[in-house]
Amino acid sequence: MHNAHRNKAVITLWLGILGFLGSNLLQAAEDSPPPLPVEEIGNVVRLPASYPEHWMMIDEASFFSMYGGKVIILDVLEKHPAKRIKGMVHKNLLGNFTQHPSKPEFYVLESFHERGWRGKKTDVFVVYDRETLKIQKEIVWPTHRMQTLPQRYTMAVTGDEKFIVAANFTPAASFSVVSVDGHELLSTIGTPGCVLTYPTGKRSVSSLCSNGGMLTTVLDRKGQVKAQHRIEPFFDSDDTPIFERPVIVDQQAYFPSFKGKMHHFDFSGEVAEYKGSWSLVSDEEAAANWRPSGLGLIDQDEQGLVYVIMQPDGAEGTQTHGGSQIWVFDVAKQQRLNVIDVPNWAITLGVTRGKEPKIVVTNGELVLDVLDAASGELIQTIADFGNVTPLMLHKSY
Amino acid sequence: MHNAHRNKAVITLWLGILGFLGSNLLQAAEDSPPPLPVEEIGNVVRLPASYPEHWMMIDEASFFSMYGGKVIILDVLEKHPAKRIKGMVHKNLLGNFTQHPSKPEFYVLESFHERGWRGKKTDVFVVYDRETLKIQKEIVWPTHRMQTLPQRYTMAVTGDEKFIVAANFTPAASFSVVSVDGHELLSTIGTPGCVLTYPTGKRSVSSLCSNGGMLTTVLDRKGQVKAQHRIEPFFDSDDTPIFERPVIVDQQAYFPSFKGKMHHFDFSGEVAEYKGSWSLVSDEEAAANWRPSGLGLIDQDEQGLVYVIMQPDGAEGTQTHGGSQIWVFDVAKQQRLNVIDVPNWAITLGVTRGKEPKIVVTNGELVLDVLDAASGELIQTIADFGNVTPLMLHKSY
Amino acid sequence: MKILDKILEKSARNVAQHSSRRSLLTGLGTALVGAASIPLLPVARASDQQQAQKPDESGDPTSCDYWRYCAIDGFLCECCGGNYNTCPPGTEMSTLTWIGTCKNPTDGRNYVISYNDCCGVTQCGTCLCQRDERDRPIYRADKSNDVNWCLGSESTVYHCSTAIVVGLAFDN
Amino acid sequence: MKILDKILEKSARNVAQHSSRRSLLTGLGTALVGAASIPLLPVARASDQQQAQKPDESGDPTSCDYWRYCAIDGFLCECCGGNYNTCPPGTEMSTLTWIGTCKNPTDGRNYVISYNDCCGVTQCGTCLCQRDERDRPIYRADKSNDVNWCLGSESTVYHCSTAIVVGLAFDN
């Protein structure tokens, strides 16, 4: 992190209260140190183009004042409370957020009324530069973006890293495609009955459907629709609902059901392929109603381990309320490796990048607990970082 | 308070989950009561054109998310926490607020950027209808309104009730004039070195000046400047500063100084007239540094008594930090009548209208304590009304 | 939910001056996925029937436990200057909604409840109530309360939620 | 201020997940009344002087007690990704400011401090610090911190405040 020096003349406005004169410096007693120098005005911090592994991007939904939503860039291992915040960007009215994995930029899709809450509504897609947190480009959106509580897959970057796809909901469902090169809006593609944008293969997008199936939309090199494929229903949206929030490990997607079944999709090909399901819970645990629960209830580390918030005594209606434990799975082996008791409930979790991952948890008091992923031990609790409702946690890149 | 019934057809959207048929009603067992009727959709509450005396207009500055500022209309005597809120209106980016004393309308002067925090800024003057809380008219403002922490006199209605005047700050100081009839912007009048809009006489506006004097601007019947009069300095803005927040009782204005001198102005004539000063504190109290302090630190009841927040051990820098007592004065007799120990500090106070006034205090935890003005006794504490920073309290009309 | 209630009630006390967090924050109003695949259906209004007995309902609409709120997730209009079936002044009631099925404990019948949001004023910010019974993710938008259902209103800004009886459920 | 500190520190604990209220909320940046009557004045920069001793300053810029903050009222940029004299990324430093005079306890000199706000990002919302020494109401805008001093910037949205040494005070 270094400063961008702007060579701006120091202009001070007030006559009479300023008495700084060069001659004063000369009059300083020889024994006393010289006075502090006049400092430059206009300096602004610059961030690195690639963020350290222990930073997280906190989606502060600002649920009580949605005009003030923001993404807070936070160093979750910093011990000094005052030095944890690295920067913030605005994200209006439950704006959507995603990041490019290798290019130093991220994206916010947000809505504005001409007068705060009234007047013409405009949705805009905004490209932020990671180093300056300045807007590189703004695209006026062609339709109504999806506006919900924060999700990881309302927007995504495609497998080839060349397109950003973003879900719309008017309430008819569609998604729009933006090029990474040049940031041009390329197309808007209807996905009747199916929502969200799970990156699939190189240039495909899968969406989850009301009939319990999946729809994969294949894009061509110009970001236009090439084909759409419907995958037959694999769950019942009334009786055996799943979370719309999968974890995707090496293009293998895992969608937990409300009751703890794990549905596996292969997203590595051009079209999503259903690979069956297995259970996160034993028969005993199922009888005790141990269930996945939470908002951002699932994430993975870079070693491929998957972390899921689990609640005991789950019931109809408690599916997003969070839980008291985090279960760690090797999803390839369909094996539970560890159980972590969280210190103070867990509503959302996010896992940092790197070989020594940390679990960051939005706890029951809506502040963050940082846990060591291996030992489960509490490293620190982070409150007071400009937060009110930090509902979703993203890795940084 | 009665409902505005909108005769809207009940349209329900979901096939399959609805099984309501008239025939079901007929099948109800004879012993059991009939089912609940289908209810109308689209009803909206209407408020009375004149609000009860025990309602207050709470200026929620929303200091941590200024896009979400609002005026909360609150019944401060209602015992049921859920029934205290009567309505809310938006007030963006520390918007200014004032009310017409006899016409069922109030005014918000607020600012919007085209995109929340970015893009073209527009200031707008908004007329709200008291009964519907709907916007009657919006005027795009010709310059930059004054944007500060809430004040009572950034806007005001003139003595003849025919004009609304509102302060600007670009940072050059001026005010603009809007007609009450027709709500037309009439003029913008420079007030070099002088700020705020204290209503004076029928159609004059006084402003407080950096040189320690006052400027009275006289308007003509068309809301144009007719004359400006400078009143010579009566305090030193460096050494004997006063609060810019007077109480105005029957067109007699009282401006407390930081150290407890009360400066009296006669605002009943065309031009403000300085009437000298007297002390709120005895020599002993002055020695103990009892001083006025707070944000909305002063208000009056309809019997003409004046209530001031006082702090012990006052010092340079504590002038807006609030205090532990409220002192009650008969300002005509220059006499202190009562001292009230507040339960939990006081930052701002407002007094309700009527013969049995209540003092509403924004306390040290930024929630409201309601006190009986006569006895000083705590009636109730009001938290949890959509508030974060309720920095200013206004009577309702 | 009991555990969560405890935690969040504790939290609510801590943030007393901020707002009640009666339960976890997860929703807004009501939505409509796959509008393309699910047809819209106007439903007949009940005719006013003259009957000896009066319809029967009890409970406290200021409480999150009120029977009509079984699938709600949002600020209760009852606390915001409106009530359980009427919007606060200055707001507009959404026409798009999501729907729950709740049992009236007094007459034992299941009713279809439409959770119409009130739109066009800054968030009410008090009496947050999250029940979520039979709430489904956004792929079943007809039952999803995580969507901002003010999307079809003049202003898309969410203020609070009502709970309106729109009919008897099938099983009655 | 000590009493208030106690009260507000208690309050701050209560709203820990909301923000620190290190002291009362009363201000934003710096302003300029009577711009018409007070001329603007560019002030000469200090030439870099080669001296044996180094300028001396101590204290913790993350603490509201830091000497430069004697007249501040706002969120400390030191906590927001910037520091005491540098704005956080993505913001713009205001050119209009208000000014205080603070004593450096290390060298015993009084310095003129310019409280330049950082503008153009939603409120930082932490490390609120209110000192207000020699702060004056808006009729003396040069010394007033209740005004939004982002008014002259590209965005008028206030994020946090810096405390920049711009010279020695007269009495040195």
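Only this structure's heavy atoms are used, side chains among them; waters, hydrogens and symmetry mates stay out. Labels below follow one simple rule: chain letters A, B, ... track the order of the sequence lines, proteins then strands, and each chain is numbered from 1.
- Remark: aromatic rings of B:Phe243 and D:Tyr139 are distant, center separation not under 6.0 Å.
- Counting heavy atoms from C-beta on, the side chains of B:Phe64 and D:Cys124 never come closer than 4.5 Å.
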Please report the C-alpha distance between B:Thr320 and D:Asp132 in whole Å, then the side-chain angles of each, then the deciding distance to 0.1 Å, and finally whether the side chain to side chain donor-acceptor pair (under 3.5 Å) criterion is met.
CA-CA 8 Å; B:Thr320 56; D:Asp132 286 343; 3.0 Å; yes
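- Side-chain atoms of B:Glu316 come within 3.5 Å of backbone atoms of D:Arg134 as a donor-acceptor pair (strictly under, hydrogens ignored).
- To the nearest 0.5 Å, atoms OG1 (B:Thr318) and CD (D:Glu133) are separated by 10.0 Å.
- Using a 4.5 Å heavy-atom threshold, the side chains of B:Tyr67 and D:Val157 count as touching.
- In this structure, the separation between CG on D:Asn145 and OG1 on B:Thr148 is 11.0 Å, given to the nearest 0.5 Å.
- When all heavy atoms of D:Asn148 and B:Gln147 are compared, the pair lying nearest together is ND2-OE1, 2.8 Å.
- The shortest distance between side-chain heavy atoms of D:Asp135 and B:Gln319 falls below 4.5 Å.
- Between D:Arg136 and B:Asp238 there is no salt bridge, since none of the side-chain N atoms of the basic residue sits less than 4.0 Å from a carboxylate O of the acidic one.
- Heavy atoms only, all atoms of each residue included: D:Pro137 and B:Glu244 are closest at CB-OE1, 3.3 Å.
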Could you walk me through whether B:Ser210 and D:Arg140 pass side chain to side chain contact (heavy atoms under 4.5 Å, CB included), step by step?
CA-CA 5 Å; B:Ser210 55; D:Arg140 272 299 298 275; 3.9 Å; yes
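- Taking CG of D:Asp146 as the start and CE of B:Met146 as the end, the distance is 11.0 Å to the nearest 0.5 Å.
- Between D:Leu151 and B:Thr170, every side-chain heavy-atom pair lies at or beyond the 4.5 Å cut-off.
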Can you check side chain to side chain contact (heavy atoms under 4.5 Å, CB included) on D:Gln123 and B:Phe63, steps first, answer last?
CA-CA 8 Å; D:Gln123 291 74 64; B:Phe63 194 80; 5.9 Å; no
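- Chain D forms the most heavy-atom pairs under 4.5 Å with one residue out of B:Lys121, B:His144, B:Gln151, B:Arg118, and that residue is B:Lys121.
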Set out, in order, the CA-CA distance, both residues' side-chain angles and the distance that settles side chain to side chain contact (heavy atoms under 4.5 Å, CB included) for D:Val121 and B:Trp117, then state yes or no.
CA-CA 7 Å; D:Val121 171; B:Trp117 63 269; 5.7 Å; no
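- For chain D, the nearby part of B:Leu196 is the side chain; its heavy atoms alone come within less than 4.5 Å.
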